[in-house]
2 protein chains.
Amino acid sequence: MIILAALAEIDRAGLESFSLRNLAKALGVFPTAISWYVPGRSQLLAEVARKVLEDITPPGFHDSWQGYLRDFFRRFRQAIRRHPNAAPLIGTQLVANPAVDLDFIERLLAALAHGGLSGARLVAAYNAVIAAAVGFTTQEFAPVPVDGTDAWQQEIRERLQSVPATRYPQLAQNMKLLGNKAFTLRWQNGTESPLDASFEAFVDIVILGLEQFAGRT
Amino acid sequence: MIILAALAEIDRAGLESFSLRNLAKALGVFPTAISWYVPGRSQLLAEVARKVLEDITPPGFHDSWQGYLRDFFRRFRQAIRRHPNAAPLIGTQLVANPAVDLDFIERLLAALAHGGLSGARLVAAYNAVIAAAVGFTTQEFAPVPVDGTDAWQQEIRERLQSVPATRYPQLAQNMKLLGNKAFTLRWQNGTESPLDASFEAFVDIVILGLEQFAGRT
DNA sequence: ACCTGAACACCGTTCAAGT
DNA sequence: ACCTGAACACCGTTCAAGT
């Protein structure tokens, strides 16, 4: 399967240096042979994104719709954790996938309907769940700049430590908690420094919000 | 300013076809002249992403921390709405920006602290807000595949309409509400078909969730 | 059906040279 | 300080040709 080979290439060498020619080389084949299997580069990457997210539909029964959502969020993150180099593909390629997994959507809608949602509010809640899952994971596993040297890391660290407490009281006070743990204040991504606690809290927040949203008339 | 020129190029021709050589041509200059101003292509795109998100810090005073958050979410979306072609840059380039806007972070933390959060829970809430904003907008404005022809659109539409109601009751029942309005079931993105109502509901859900999260011991 | 092989129009980045 | 100009090693995609 050419999609698996492409994903393996991305896992190995990263998305930045991925090319159809390198893929062809890895397969021991001429560059132009790829074109026979795949209509184009972007379509191949879209297939890779789908491959990464396959099998995230929570199986079996759950004690509650909240439990189902929690299970989904964790599976979604786990899927990207296995292929962090492909993370940038997720946010962009998921737009409108003709062969999207209808079973997945049906079950997610069913869970939300079980929570008391229907109609336009059900659709809004569905979008909220997808947006939340995509947002956290793409951020957590977003690639560090190629210039991610030690000097570069040190610079961010020092910049955060030397923040003036008079102008930035919250930043100064929570400096140690924020460093490498808060989005836009990190020098490593989720591969090296996972945000487990933050993710669990995020899932809590979204589910709590959905509960309230469902409870309102 | 070269960053503005790059952004204008992306607005005009799209991110897919953006290249340093095209940018040079638009500036009436030799391709290699670009290298004098910018260390590399990816750094330039990172600067573009920052440019798009500048001035999203809500100004002045707000009646509540919830109001502040709501204002932020809307401003964030508005910023991307102005440059939808640059949307794919947001999710991936925001990782760890050395010259990130500290004023923005301080004020967001202050708003959340005002809501009763502190310490690790404050950091988690901060991450939740960023993840939420990034997630919805990158999804909403994610580029349609280059193959987004009429035939392609028609295919998704028909596929959704012919869903078997026995196996997919939720999908079948909410078919009209989901088509072009639910993530992964759209054939247009936010530029042509904005998800205003869904976004406002999403903001509600996140803020409601944060209220609950802050209220728990 | 599947791959080779040559070719085309591009691309980012280098480095020396000009002014 | 700022740009030219030539060059390098790449890239995706085409199209005809082979088997």
Side-chain angles (χ1 to χ4, degrees), chain A residues 1-52 85-86 88-89 92-93 95 97 142-149 151-152, chain B residues 1-52 85-86 88-89 92-93 95 97 142-149 151-152:
Chain A
M1 196 62 150
I2 194 170
I3 297 159
L4 284 175
L7 181 52
E9 250 320 89
I10 291 168
D11 286 342
R12 195 184 59 78
L15 195 61
E16 195 82 2
S17 64
F18 174 79
S19 75
L20 297 184
R21 291 181 107 104
N22 282 342
L23 176 60
K25 199 178 292 176
L27 289 169
V29 97
F30 271 65
T32 47
I34 304 284
S35 302
W36 198 88
Y37 292 96
V38 161
R41 177 193 153 89
S42 64
Q43 287 91 335
L44 174 58
L45 292 179
E47 293 293 330
V48 169
R50 184 150 69 213
K51 191 79 198 169
V52 170
N85 289 350
L89 297 176
T92 54
Q93 303 279 354
V95 199
N97 212 326
V144 169
V146 283
D147 183 32
T149 58
W152 175 83
Chain B
M1 196 61 151
I2 192 169
I3 296 159
L4 284 175
L7 182 52
E9 245 328 83
I10 291 167
D11 285 343
R12 194 185 58 79
L15 194 61
E16 195 81 2
S17 65
F18 173 79
S19 75
L20 297 185
R21 292 180 107 104
N22 282 341
L23 176 59
K25 198 178 292 175
L27 289 170
V29 96
F30 271 63
T32 49
I34 304 283
S35 302
W36 199 89
Y37 292 95
V38 161
R41 177 192 153 90
S42 64
Q43 286 90 335
L44 175 58
L45 292 179
E47 293 294 330
V48 169
R50 184 150 69 212
K51 191 80 198 166
V52 171
N85 289 351
L89 297 176
T92 54
Q93 303 278 355
V95 200
N97 213 326
V144 169
V146 284
D147 182 33
T149 58
W152 174 85

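Labels below follow one simple rule: chain letters A, B, ... track the order of the sequence lines, proteins then strands, and each chain is numbered from 1.
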* **Pairwise 5' ranking along DNA chain D for A:T32 and A:K25, keeping only the more 5' one** => A:K25
* For B:R41, which contact category applies under a 4.0 Å heavy-atom criterion: base, sugar-phosphate, or nothing? -> sugar-phosphate
* To do: Mind calculating the distance between CG (A:L27) and C1' (C:dC2) to the nearest angstrom?
  => 14 Å
* **Spacing between A:L20 atom CG and D:dC10 atom P, to the nearest angstrom** => 16 Å
* Could you state the CZ-C1' distance from A:R21 to D:dT13, rounded to the nearest angstrom? -> 9 Å
* Contact check, side chains of B:L27 and B:I34, non-hydrogen atoms, under 4.5 Å -> yes
* Could you give the CD1-to-P distance, from B:I2 to D:dC2, as a whole number of Å? -> 12 Å
* To do: Mark yes or no for a side-chain to base donor-acceptor pair under 3.5 Å between B:S35 and C:dG12, with no hydrogen or angle criteria applied.
  => no
* Asked: Is A:N85 reaching over with its side chain to a backbone N or O of A:L15, donor-acceptor style, under 3.5 angstrom?
  -> no
* **Any B:N22 side-chain nitrogen or oxygen under 4.0 Å from OP1 or OP2 of C:dC11** => yes
* Asked: Do B:P88 and B:P143 have side-chain heavy atoms sitting under 4.5 Å apart?
  -> yes
* **Test log, rule side-chain contact (heavy atoms from CB on, under 4.5 Å), inputs B:L20 and B:V38** => CA-CA 10 Å; B:L20 297 185; B:V38 161; 6.0 Å; no
* Asked: What is the distance, rounded to the nearest whole Å, between atom CG of A:L45 and atom C1' of D:dC11?
  -> 14 Å
* N/O (side chain, B:Y37) to phosphate O (OP1/OP2, D:dA1) under 4.0 Å -> no
* Structure fact -> Closest to the 5' end of DNA chain C, once A:W36 and A:F30 are matched to their nearest nucleotides, is A:W36
* Roughly how many Å is it from CD in A:E16 to P in C:dC11, rounded to a whole number? -> 17 Å
* To do: Give a yes/no answer on whether the side chain of A:S19 brings an N or O atom under 4.0 Å of OP1 or OP2 in D:dC11.
  => yes
* Are the side chains of A:L89 and A:V52 in touch, meaning some heavy atoms are under 4.5 Å apart? -> no
* **Paired nucleotide for C:dG5 [Watson-Crick or G-U wobble; both distances under 3.5 Å]** => D:dC15
* Asked: Out of D:dG12, D:dT4, C:dT4, which has the shortest distance to the side chain of B:A33?
  -> D:dT4
* So which nucleotide does C:dC10 pair with, by the Watson-Crick or G-U wobble rule with both distances under 3.5 Å? -> none
